[in-house]
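Every heavy atom of this structure was used, including side-chain atoms; hydrogens, water molecules and symmetry mates were not. All ligand and atom numbering here is 1-based and tracks the order in the structure.
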Amino acid sequence: MMRYISTRGQDGSLSFNDVLLAGLAPDGGLYVPEEYPQLAWKHVKLMQGWSYHQIAFHIIKLFVGDDINDAALRTIINKAYDPRLFGSLDITPIQPLSRGVGLLKLSNGPTLAFKDVALQLLANLMDYVLEERDEYLNILGATSGDTGSAAEEAVRGRKRLRIFMLSPYGRMTPFQQMQMYRINDPSVFNLVPDGNFDDCQSAVKLVNADADFKKKYSIGAVNSINWARIMAQVVYYVYGYTRVITSPHQRLTVSVPSGNFGNALAAYVAGKMGLKIDVIVATNENDVLTEFFNEGRYRIRKGDEVIKTQSPSMDIASASNFERFMFDQVDRDPQRLKKLWEELSTKGEFSWNIQNEPNSTVRFRSGTATDDEVTKTIKLIFDRTGLIIDPHTAVAAKVFYDRQGSFNKGPSLIAETAQPAKFEDAIERALGFKMMIPEAYRHLEGSDERIIRINETDSVAIANTAKAIIEANVRK
Ligand SMILES: *Cc1c(COP(=O)(O)O)cnc(C)c1O
């Protein structure tokens with residue numbers, strides 16, 4: 001039976017459904033499985049003939065245990081990964097890029113970014129568990145771009161969920177604004193204050209700090225620290241592995257454009273489950289993770305140190321999922337982990353000798369691509385293959401071609417995390433032309449914005465107004 005523990009050592013363990021609804025552990029830690037389920041080569045071989053949905057069921061079942069019965073879990077997976085939502089039966093198809101190298105296309109979901117893969121499943125799982133418990137959940141979040149639209153798109157039409165998403169007025173791309181603000185669904189509320197993203201984020205923290213309010217209105221979150229999101233992402237690495245690896249002696253290299261370390265962590269978990277994987281952690285100029293993997297120093301950035309790049313979803317000051325990786329590095333000793341995080345909060349950094357055990361099935365490399373290199377890479381790949389990649393994927397491609405030689409040559413996949421049409425300025429800079437708005441979105445151009453403006457810039461004032469709006473509109 002699969003149980004979950006907190007990285008900060010809280011007593012006892014939880015089952016999957018409780019972890020799904022809890023998000024962050026009450027002691028401030030992140031939930032991780034008590035142990036990683038194992039996949040032997042014979043399982044991999046079997047899965048080579050399976051569909052994405054069959055592989056998803058097998059992997060997710062290992063993490064859900066008996067919390068959801070098989071028939072219900074199959075229905076949830078089939079609903080989340082409806083080929084009509086993801087454009088193909090493959091869900092995350094592989095497109096050949098160069099000899100032995102493919103793009104693992106994770107961005108074919110409804111909002112054209114890889115976050116759909118996890119959030120579509122998460123919303124369906126939550127809706128099911130809430131229905132079973134006869135409870136409701138009101139999701140509160142802040143976004144500067146992609147997470148907001150993927151979360152709103154996943155929540156729309158669900159019976160037991162509502163979403164209240166704060167976003168800074170006029171600070172997202174026109175396409176992102178269109179994706180969020182023109183969703184017409186009674187479960188979706190866009191709260192749009194005058195402040196910036198940090199003000200929105202602080203307001204969310206303030207609301208969450210009011211324990212009575214949080215409990216009374218069942219306030220929840222879908223941020224990237226939810227274990228179920230990592231679980232959903234493990235599936236496409238297993239899927240990719242079964243499609244390109246043909247012998248138990250081969251290793252798979254994956255290059256992952258990284259910000260909060262959720263996506264790369266999922267590749268690591270697939271490795272901990274027994275797949276032979278080399279993970280390239282690719283960062284933009286906000287190179288917190290590259291500094292860690294190459295120099296053994298984890299240093300979080302101050303707010304004004306964060307650089308604005310062409311790959312905004314990777315402009316981070318710290319990597320929220322990194323704690324899960326470090327938990328394994330300290331041999332799963334919560335006391336040692338807490339010591340490091342105390343050091344982080346007082347000094348802003350800690351040093352660490354990475355244990356790259358020689359027999360481990362998973363190994364890391366890391367590198368950074370500058371904005372200039374991103375522009376050149378988009379152009380280079382377009383000239384060579386005719387494919388247009390987005391600036392996030394270009395970070396992974398650039399670092400991959402730089403670091404490829406440092407691994408045994410084997411089949412490789414570059415994670416494609418967004419569609420280029422979402423980043424028309426970056427594409428125009430690289431290629432000299434504008435991309436058209438994708439077909440599926442054109443109908444939104446003519447529809448009205450549905451937003452609630454909050455004429456405040458102060459996070460306390462934003463939080464209070466947000467509370468009033470939530471009170472008036474919650475499901476209970
Ligand atoms: C969120 C995001 C990333 C970063 O993924 P993490 O899991 O936070 O490392 C990369 N690319 C795109 C397009 C994203 O939306």
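Of the charged side-chain nitrogens involved, at least one lies within less than 4.0 Å of a carboxylate oxygen, so that Glu291 and Arg297 count as a salt-bridged pair.
Side-chain polar atoms of Gln176 and Ser149 form no donor-acceptor pair below 3.5 angstrom.
Considering only residues two or more places apart in sequence or on other chains, Phe164 meets the ring-ring contact (aromatic ring centres under 6.0 Å, His included) condition with Phe189.
Contact shell of ligand 1 (protein heavy atoms, cutoff 4.0 Å): Phe114, Lys115, Asp146, Pro257, Ser258, Gly259, Asn260, Phe261, Gly262, Asn263, Ser313, Met314, His392, Thr417, Ala418.
A tilted orientation is assigned to the rings of Phe325 and Phe293, their planes being inclined by 30° to 60°. Ring geometry for Phe350 against Phe322 counts as parallel: the plane angle stays under 30°, on a 0 to 90° scale with 60° as the upper cut. Relative orientation of the Tyr4 and Trp227 rings is tilted, given thresholds of 30° and 60° on the angle between their planes.
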